[in-house]
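Below: the structure, in structure tokens.
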Amino acid sequence: KLEIGSVVVQLKRHQEKGTKQDVVTDIFVAWGHKAEKEAPIDVQEIADAFDKLYEEAPKGPPAPPAAQAPMAVPGATAGQLSAATLSTTPQQLLAGRPQ
């Protein structure tokens with residue numbers, strides 16, 4: 001979970017719909033439909049939140065990936081989620097970042 005503006009969003013690995021394979025360069029971000037209507041999240045707010053996470057992340061080699069189950073949104077039923085998929089390449093992650 002991550003707070004962006006006044007909205008708590010949920011994060012999980014993005015999967016290709018057809019193959020159900022994880023896309024290692026994509027992150028699926030979801031928040032409730034009601035929250036989106038009451039307090040829409042600007043794309044720049046999402047980007048800024050991920051930039052902040054990057055700055056706060058430990059430096060060094062990443063830990064091996066762990067199996068991750070899909071996240072449930074408390075109080076939400078099917079069709080009540082707003083979602084965004086952020087797609088990036090390793091080159092985009094490193095662009096403009098100090099080495």
Side-chain angles (χ1 to χ4, degrees):
K1 291 184 180 184
L2 174 67
E3 189 169 331
I4 300 177
S6 62
V7 178
V8 175
V9 301
Q10 294 192 342
L11 309 173
K12 67 178 184 177
R13 293 176 184 209
H14 177 67
Q15 290 185 338
E16 284 292 332
K17 288 182 182 179
T19 64
K20 300 291 184 190
Q21 294 292 317
D22 285 344
V23 180
V24 297
T25 57
D26 293 4
I27 300 171
F28 184 81
V29 182
W31 58 98
H33 177 72
K34 184 177 177 182
E36 175 64 15
K37 287 181 107 176
E38 292 176 1
I41 302 175
D42 182 69
V43 172
Q44 189 61 48
E45 285 182 280
I46 296 171
D48 290 346
F50 277 89
D51 286 344
K52 182 178 176 189
L53 282 176
Y54 176 83
E55 292 301 323
E56 295 171 353
K59 306 301 182 232
Q68 190 167 13
M71 300 173 135
V73 177
T77 60
Q80 289 185 321
L81 295 179
S82 295
T85 300
L86 302 180
S87 179
T88 188
T89 64
Q91 292 80 13
Q92 289 170 315
L93 288 172
L94 296 174
R97 307 285 186 204
Q99 297 291 324

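Below, all heavy atoms of this structure are taken into account, side chains as well, without hydrogens, waters or symmetry copies.
For the side-chain contact (heavy atoms from CB on, under 4.5 Å) test, residues two or more places apart in sequence or in another chain that qualify with Glu16 are Thr19, Val23. For Gln15, the side-chain hydrogen bond (donor to acceptor under 3.5 Å, both in side chains) partners two or more places apart in sequence, or in a different chain, are Asp22. Partners of Asp48 by salt bridge (Lys or Arg N to Asp or Glu O under 4.0 Å), not counting sequence neighbours: none found.
Relative to the six-membered ring of Phe28, Lys17 misses at least one condition, a distance below 6.0 Å or an angle of at most 45° to the axis.
With values rounded to the nearest 0.5 angstrom, Lys59 atom NZ is found 5.5 Å from Tyr54 atom OH. We find the NE2-CD distance between His33 and Glu38 to be 10.0 Å, quoted to the nearest 0.5 Å. Note that the CD atom of Glu56 and the CG atom of Asp51 stand 11.0 Å from one another [nearest 0.5 Å]. Here CG of Leu53 is found 8.0 Å from CD1 of Ile4. Values are rounded to the nearest 0.5 Å.
A donor atom on one side chain and an acceptor atom on the other are not found under 3.5 Å apart for Gln10 and Trp31.
Counting all heavy atoms, side chain and backbone alike, Val7 lies closest to Ala39 at CG2-O, 3.6 Å.
Inter-residue side-chain proximity for Val9 and Ile41 is flagged as met; some heavy-atom pair is nearer than 4.5 Å.
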